[in-house]
Amino acid sequence: MEEKKKSVDRRVLKTKRAIRNAFAKLMTEKDINDITIIELAETANINRKTFYNYYSGVHQVIEEIESDILTSYERLLGTVEFKKSMSAPYTLFERFSRLINVDPEFFGYLLSMNGNINLITRIMTLLKDKTRETMISQLEIDEYKADIMIDFVLSGMLSVYQHWFVSDRSVPLEEVSDIISRMSFEGINGIVDD
């Protein structure tokens, strides 16, 4: 009985992942408001009835994407000790790499969107708020400085990951994360001196 439940759960996860990836792919091609259930189901290689088994519409897919990313990020932040990360920042950024590598196809589409900046902006705002909350609870830092640090690091990180996804990806993501971590905590001198 337990084995049957696991296989059903895997099928559900596989179908929802297909829908999510199809949605992200379509967002690289058109505005969110122009995506129809028919083309979403077609791109996910499912029928419309299957789509409606899981979602009431496109906006529910967006809400789930935001929620899933935030939940994963909160889990990641739950393992971070900012004081230790200051002296060994790669660990923090390596965790970002692992998060992305869970579903690189989805994150590739998500970070390659050109016209759907609102979704990326909403996700970044959620991530910044969570980071700020965690950082302030762990470090003695005023809110203004925390906001500047978080904006600088997360915006730069997003830009570098976006560039990596649209490039030939010849440099492993882990190496990119290492460079980002050193830049974030050691400045330009951290990578120039290599």
Side-chain angles (χ1 to χ4, degrees), residues 8-77 93 95-132 147 150-177 179-180:
V8 170
D9 290 346
R10 272 192 228 121
R11 284 194 306 253
V12 169
L13 291 174
K14 184 178 178 183
T15 302
K16 287 182 116 182
R17 178 177 277 177
I19 293 168
R20 197 172 84 153
N21 287 352
F23 180 73
K25 179 181 187 297
L26 288 169
M27 284 195 307
T28 65
E29 301 166 3
K30 53 177 40 183
D31 186 81
I32 288 173
N33 297 320
D34 295 332
I35 296 173
T36 66
I37 303 299
I38 292 171
E39 66 188 338
L40 184 53
E42 235 173 64
T43 305
N45 200 24
I46 60 169
N47 62 46
R48 283 188 329 179
K49 184 179 179 206
T50 301
F51 175 87
Y52 285 115
N53 285 338
Y54 302 108
Y55 302 102
S56 60
V58 171
H59 290 285
Q60 193 175 15
V61 177
I62 296 168
E63 290 169 11
E64 185 173 283
I65 288 171
E66 290 175 356
S67 176
D68 287 351
I69 289 173
L70 187 59
T71 300
S72 296
Y73 190 70
E74 285 176 325
R75 261 188 255 127
L76 183 148
L77 282 178
F93 290 88
R95 289 178 183 148
F96 286 119
S97 294
R98 271 193 270 151
L99 180 67
I100 290 170
N101 281 326
V102 168
D103 194 351
E105 179 184 14
F106 169 74
F107 282 102
Y109 289 135
L110 186 68
L111 294 173
S112 300
M113 287 181 223
N114 294 324
N116 291 296
I117 299 301
N118 288 340
L119 178 61
I120 293 292
T121 302
R122 280 199 314 267
I123 290 170
M124 284 302 290
T125 300
L126 292 171
L127 299 183
K128 286 177 182 181
D129 290 346
K130 269 301 159 196
T131 304
R132 181 178 185 267
D147 287 340
I150 292 164
D151 280 342
F152 180 80
V153 172
L154 286 181
S155 297
M157 184 178 68
L158 174 67
S159 179
V160 171
Y161 284 152
Q162 284 175 322
H163 177 74
W164 184 81
F165 271 107
V166 297
S167 72
D168 63 5
R169 301 183 196 178
S170 60
V171 176
L173 186 58
E174 292 73 18
E175 189 175 328
V176 170
S177 293
I179 294 168
I180 295 170

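Each residue takes its place number in the sequence, starting with 1.
- Within the 4.5 Å cutoff, the side chain of Glu74 has heavy atoms near those of the Leu70 side chain.
- Not one N or O on the side chain of Glu175 forms a donor-acceptor pair closer than 3.5 Å with the backbone of Pro172.
- Under 3.5 Å, the side chains of Asn47 and Thr50 contain a donor-acceptor pair of N or O atoms.
- For Ser167 (side chain) and Trp164 (main-chain N/O), a donor-acceptor pair under 3.5 Å exists by modelled atom type.
- The two atoms that bring Tyr54 and Gln60 nearest to each other are O-OE1, 4.2 Å, heavy atoms only.
- Rounding to the nearest 0.5 Å gives a distance of 11.0 Å between CG of Asp129 and CE of Met124.
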Assess the residue pair Thr131 and Val153 against the criterion (side chain to side chain contact (heavy atoms under 4.5 Å, CB included)); give the C-alpha distance rounded to whole Å, side-chain angles, the decisive distance to 0.1 Å, and a yes or no. CA-CA 11 Å; Thr131 304; Val153 172; over 6 Å; no

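- Using a 4.5 Å heavy-atom threshold, the side chains of Asn53 and Val12 count as separate.
- Considering OG1 of Thr43 and CG of Asn21, their distance stands at 11.5 Å, rounded to 0.5 Å.
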Walk me through whether Ser177 and Arg95 qualify under side chain to side chain contact (heavy atoms under 4.5 Å, CB included). CA-CA 9 Å; Ser177 293; Arg95 289 178 183 148; over 6 Å; no

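- Within 6.0 Å of CG in Asn45 there are 12 or fewer heavy atoms belonging to other residues, nucleotides or ligands.
- Side-chain contact between Leu110 and Ile69: present, with at least one pair of heavy atoms (C-beta onward) separated by less than 4.5 Å.
- Between Ser72 and Leu99 the shortest heavy-atom distance is CB-CD1, 3.3 Å.
- Two residues are said to be in side-chain contact when any heavy atoms from C-beta on lie closer than 4.5 Å; Tyr73 and Ile123 fail this criterion.
- A donor-acceptor contact shorter than 3.5 Å is absent between the side chain of Ser67 and the backbone of Glu63.
- Residue Phe165 comes nearest to Pro104 through the heavy atom pair CE2-O, 3.5 Å, listed as atom of the first residue, atom of the second, then distance.
- Note that CZ of Arg20 and OH of Tyr109 are 13.0 Å apart. Values are rounded to the nearest 0.5 Å.
- Separation of atoms CG (Asp34) and CD (Glu39) is listed at 8.5 Å; rounding is to 0.5 Å.
- Nearest heavy atom pair, residue Leu154 against residue Lys128, reads CD1-CG, 3.6 Å.
- With values rounded to the nearest 0.5 angstrom, Leu26 atom CG is found 6.0 Å from Leu40 atom CG.
- When all heavy atoms are compared, the tightest approach of Ala44 to Ala22 is N-CB, 3.5 Å.
- A side-chain donor from one of Tyr55 and Glu64 sits under 3.5 Å from a side-chain acceptor of the other.
- Here the shortest heavy-atom pairing between Arg48 and Ile38 reads CD-CG1, 3.5 Å.
- The number of heavy-atom neighbours closer than 6.0 Å to CZ of Arg169, taken from other residues, nucleotides and ligands shown, is above 12.
- Residues Ile62 and Phe23 are in side-chain contact: their nearest non-hydrogen atoms beyond the backbone lie under 4.5 Å apart.
- No more than 12 heavy atoms of other residues, nucleotides or ligands lie within 6.0 Å of CZ in Phe152, so this atom counts as exposed by the packing criterion.
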Would you sort out whether Asn101 and Glu174 count as a side chain to side chain contact (heavy atoms under 4.5 Å, CB included), showing the intermediate values? CA-CA 10 Å; Asn101 281 326; Glu174 292 73 18; 3.1 Å; yes

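- Side-chain atoms of Tyr161 and Phe96, non-hydrogen and from C-beta on, do get closer than 4.5 Å to each other.
- Looking only at side-chain heavy atoms (C-beta outward), His59 and Asn33 come within less than 4.5 Å of each other.
- The side-chain heavy atoms of Val166 and Gln162, taken from C-beta on, include no pair separated by under 4.5 Å.
- Rounding to the nearest 0.5 Å gives a distance of 11.0 Å between OG1 of Thr121 and CG of Leu126.
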